[in-house]
Amino acid sequence: MGIRRLLFPVLAALLLAACSTAPTATPPGGADSPVSPTAPTAGVVGETAPAAGGMSPTAGPDAATRPSPTLSPQVAPSSSPTPAPTGEPAATPSPTTQAPAEAAPAPTEGSIASIPQGGRLIRLYSDPPTLDPHLTTDAGSAGIIVEVFGGLVTIAPDLSVVPDLAESWELSPDGRTYTFHLRPGARFHDGKPVTAENVRWSLERATDPATQAPVAQQYLGDIVGVTAKLDGAAQSIQGVRVIDDQTLAITIDAPKSYFLAKLTYPTAFVLDRDNVAGSDGENWLDQPNGTGPFRLAQYDLGETIRLTRNESYHLGPPHLAEVEFILSGGNRMIMYENDEIHLTGVGLADLERLRDPSDSLNPELHQSPPDFSVFYIGLNVNEPPLDDPKVRRALNLAFDRQTIATTVYQDLVNPAKGILPPGFPGHNPDRPGYEFDPEKARQLLAESSYAGQLDSLPPLTLSIPGSFGAALPLYLEVVIQEWANLGLRVEIQQTEYATFIQDLHDRRFQMFDFGWIADYPDPQNFLDILFHSESQNNHTNYSNPVVDDLLEQARVEPDQAARLQMYQRVEAMILEDAPWVPTWNRGEGYALIKPNVKGYLLTPLVLPKLRYVYFTE
């Protein structure tokens with residue numbers, strides 16, 4: 001009872017602080033694609049520092065009401081309906097079958113005439129850590145990259161894998177070789193045709209050790225020869241073969257149902273070799289020659305990014321003439337109400353009044369279903385005392401997730417009971433998760449190899465992205481206090497975002513607050529990429545040979561039901577080993593969108609979607 005008596009006053013104080021701050025403060029990219037988990041703002045992805053990992057690492061729970069345009073599922077405007085996400089893995093073509101229908105048919109003259117053309121969409125954003133598709137690991141960067149560049153395939157608004165630069169493909173009878181046929185009309189922004197050689201060179205660049213692509217192994221490692229090249233044992237990728245200007249064959253090491261989905265990740269995007277090689281390859285991103293629906297027309301660091309319509313886009317030109325991303329900051333609610341921006345996420349401080357039907361902005365408030373994300377505190381299992389699983393389990397049991405979710409975040413986040421988010425393939429709705437049990441936590445610490453030594457240990461260091469002195473995520477203040485009640489002292493280390501991402505990949509943290517958003521709807525994107533012992537995205541140094549073996553079996557298991565059961569077993573084992581402290585799944589979100597903005601889709605994955613947007617006036 002003593003702990004609960006302490007918990008509720010702390011939560012009450014935090015909630016009072018949350019509701020009294022400016023709209024840009026309070027209520028988790030991340031991944032996989034996101035804002036920093038510690039960002040003290042709520043809003044659409046990119047309005048604050050982007051998060052990382054896949055494009056996955058995401059905004060922290062203090063962005064709970066942010067229905068991130070690149071991450072959270074938003075409802076398509078009624079004037080521009082789109083199929084709802086099914087939550088099922090994207091279909092893979094069966095051997096010798098043609099590819100599925102494209103993401104959106106190229107507009108005919110009649111359809112273009114029926115939708116208003118032109119106009120500039122304006123929104124807040126933050127400087128992306130990179131615009132190089134082969135280097136990105138965060139959703140904030142990816143939100144720009146997917147509009148400027150493209151790959152062989154892409155993800156449609158209904159979350160299916162569909163053709164992009166490839167017009168169609170066939171899969172060999174053994175399920176290992178994909179033969180892609182490029183679109184005759186696919187061109188770079190300067191009008192140069194996209195050829196199979198461009199695709200081959202781009203894959204070679206992404207897997208060149210000199211490029212230092214952080215996740216090339218994760219997203220391209222299934223291709224025969226990629227591992228050898230990344231290890232410096234080969235000069236080229238054995239499994240990539242140019243057949244002619246319009247045809248390319250890619251051979252993977254085993255049949256894998258999720259391989260095509262991996263090619264939607266920016267690491268597999270196609271670049272113009274001449275563009276990259278220009279200026280000694282240093283400043284090519286000042287004027288990138290992409291293939292996407294928009295061109296990068298202007299990027300003034302800390303000020304603005306401006307995209308302009310690619311009139312020759314092979315899937316049909318966007319309706320908008322321009323998109324402007326304001327990078328210089330500002331109060332989002334004031335800017336929205338002054339018609340300076342067309343859309344914004346909604347913070348806790350404004351949500352109650354906006355929900356009131358009598359409020360003038362209520363008709364512009366859009367609610368979105370949860371996205372495919374999970375937020376967590378990562379624990380480096382090689383660092384004492386976190387090398388003892390009993391200590392790690394104790395950390396999980398020490399705080400009341402449900403009370404925090406309700407009291408601090410008004411149930412806009414849901415306590416995470418596992419790794420796979422609700423609605424995601426393989427999610428087990430019956431998984432109990434770690435309940436609040438401080439007595440059990442004390443018992444585990446007493447049974448651990450550090451029993452009686454906790455007072456003499458140096459404080460644990462919890463790293464979060466953010467400038468020194470920036471506000472902590474509200475829930476962390478509660479969690480740290482509850483851990484202190486167990487005798488575990490924790491200090492916060494704040495690191496500038498780009499440095500945080502690099503240190504995360506270098507595994508320099510003892511503990512870190514982060515999140516992951518799906519890159520594609522398959523459990524492999526969470527469990528294999530984040531927990532296989534040889535994965536570059538295994539930031540906790542977690543290693544379990546049985547888990548590795550099951551993950552490797554699941555990669556090639558053709559029976560999808562059996563495969564999902566394998567992943568559920570893996571998830572249970574990982575949770576028992578506790579390399580993470582799962583905290584939240586993002587709940588339903590809210591955004592304000594101007595009434596004249598149509599076709600703006602809120603999706604659970606990062607995908608190119610600005611080409612669907614248009615103004616009614």
Side-chain angles (χ1 to χ4, degrees), residues 31-33 50 52-57 128-142 144-146 148-152 165 188 194-242 248 250 252 259 262-292 296 299 498-507 519 529 534-539 606:
D32 297 224
S33 191
M55 61 208 50
S56 314
T130 182
L131 290 180
D132 187 332
H134 297 167
L135 299 184
T136 186
T137 60
D138 69 283
S141 296
I144 305 292
I145 288 170
V146 297
V148 177
F149 301 91
L152 291 168
L165 294 172
F188 290 102
V194 176
T195 67
E197 174 58 25
N198 295 133
V199 181
R200 185 203 67 80
W201 178 82
S202 298
L203 294 174
E204 296 284 4
R205 176 186 185 264
T207 55
D208 187 334
T211 302
Q212 298 183 332
V215 291
Q217 179 65 46
Q218 277 66 53
Y219 293 94
L220 301 176
D222 302 312
I223 301 173
V224 172
V226 161
T227 298
K229 183 170 181 186
L230 287 168
D231 290 343
Q235 295 299 310
S236 60
I237 305 172
Q238 180 185 347
V240 177
R241 180 169 60 94
V242 173
L248 179 89
I250 296 179
I252 59 177
F259 173 68
K262 280 188 169 185
L263 293 184
T264 66
Y265 194 82
T267 305
F269 281 7
V270 177
L271 309 182
D272 175 15
R273 183 175 188 171
D274 295 336
N275 177 224
V276 176
S279 304
D280 297 322
E282 299 235 339
N283 301 313
W284 70 276
L285 286 169
D286 291 344
Q287 292 183 304
N289 191 28
T291 64
L296 179 65
Y299 182 10
T499 303
F500 178 92
I501 295 302
Q502 185 59 54
D503 288 347
L504 181 74
H505 287 304
D506 292 341
R507 305 186 187 185
D519 301 308
I529 283 184
E534 296 181 2
S535 173
Q536 291 175 325
N537 273 356
N538 180 346
H539 302 130
V606 175

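Computed from a predicted structure; not experimentally measured. Heavy-atom basis, side chains included; hydrogens, waters and symmetry copies ignored. One-based numbering along the sequence shown.
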For the atom pair CD1 (I144) and CG (L131), what is the distance rounded to the nearest 0.5 Å? 7.0 Å

Test side chain to side chain contact (heavy atoms under 4.5 Å, CB included) applied to P288 - qualifying residues, sequence neighbours left out: V148, F149, N275, W284, L285, L296

Can you check whether F188's main-chain N or O pairs, donor with acceptor, with T291's side chain at less than 3.5 Å? no

Yes or no on side-chain contact (heavy atoms from CB on, under 4.5 Å) for L271 and R205, after CA distance, side-chain angles and deciding distance? CA-CA 9 Å; L271 309 182; R205 176 186 185 264; 3.4 Å; yes

Taking only residues two or more places apart in sequence or in another chain, which ones pass side chain to side chain donor-acceptor pair (under 3.5 Å) with D272? K192, N289

Check salt bridge (charged side-chain N to carboxylate O under 4.0 Å, His left out) between R200 and all other residues, then give those that pass, not counting sequence neighbours. E197, E204

Hey, what do you get for OH (Y219) to CG (N537), rounding to the nearest 0.5 Å? 6.0 Å

side-chain contact (heavy atoms from CB on, under 4.5 Å) assessment of D138 paired with I501: CA-CA 9 Å; D138 69 283; I501 295 302; 5.7 Å; no

Of all the heavy-atom pairs spanning F269 and T264, show the shortest one and how long it is. CE1-O, 3.4 Å

Non-neighbouring partners of T195 that pass side chain to side chain donor-acceptor pair (under 3.5 Å), sequence neighbours left out: N198

Test V240 against V199 for side-chain contact (heavy atoms from CB on, under 4.5 Å), laying out the working first. CA-CA 9 Å; V240 177; V199 181; over 6 Å; no

Check step by step if side-chain contact (heavy atoms from CB on, under 4.5 Å) holds for I223 and F259. CA-CA 9 Å; I223 301 173; F259 173 68; 3.8 Å; yes

Provide the closest heavy-atom pair for K229 versus P209 in the form atom of the first, atom of the second, distance. O-CG, 3.4 Å

Measure from the side-chain N and O atoms of T211 to the backbone N and O of A213, and report whether any donor-acceptor pair falls under 3.5 Å. no

Listed by chain and number, what are the side chain to side chain donor-acceptor pair (under 3.5 Å) partners of D222, not counting sequence neighbours? K256, K262

What donor-acceptor contacts under 3.5 angstrom involve side-chain atoms of residues 230-237, with partners at least two apart or in another chain?
none

Minimum heavy-atom separation for T136 and Y265, please, with both atom names. O-OH, 3.4 Å

Donor-acceptor contact present, side-chain R507 to main-chain N538, <3.5 Å: yes

Looking at V215 and Q536, what are the two nearest heavy atoms and their distance? CA-OE1, 4.0 Å

What is the distance from atom CG of L504 to atom OG1 of T137, rounded to the nearest 0.5 Å? 8.0 Å

Mark yes or no for whether S202, through its side chain, and V270, through its backbone, hold a donor-acceptor pair below 3.5 Å. no

Are T207 and H134 side-chain neighbours, meaning at least one heavy-atom pair lies under 4.5 Å? no

For a quick test of reading the model, state the closest non-hydrogen atom pair linking A206 to T267 and the distance between them. CB-O, 3.5 Å

Going by side chain to side chain donor-acceptor pair (under 3.5 Å), name the residues that satisfy it together with E534, two or more places apart in sequence or in a different chain. none

Might you point out which heavy atoms bring A268 and L220 nearest each other, and give the distance in Å? CB-CD2, 3.9 Å

Measuring from atom OG1 of T227 to atom CD of Q217, what distance do you get when rounded to the nearest 0.5 angstrom? 3.5 Å

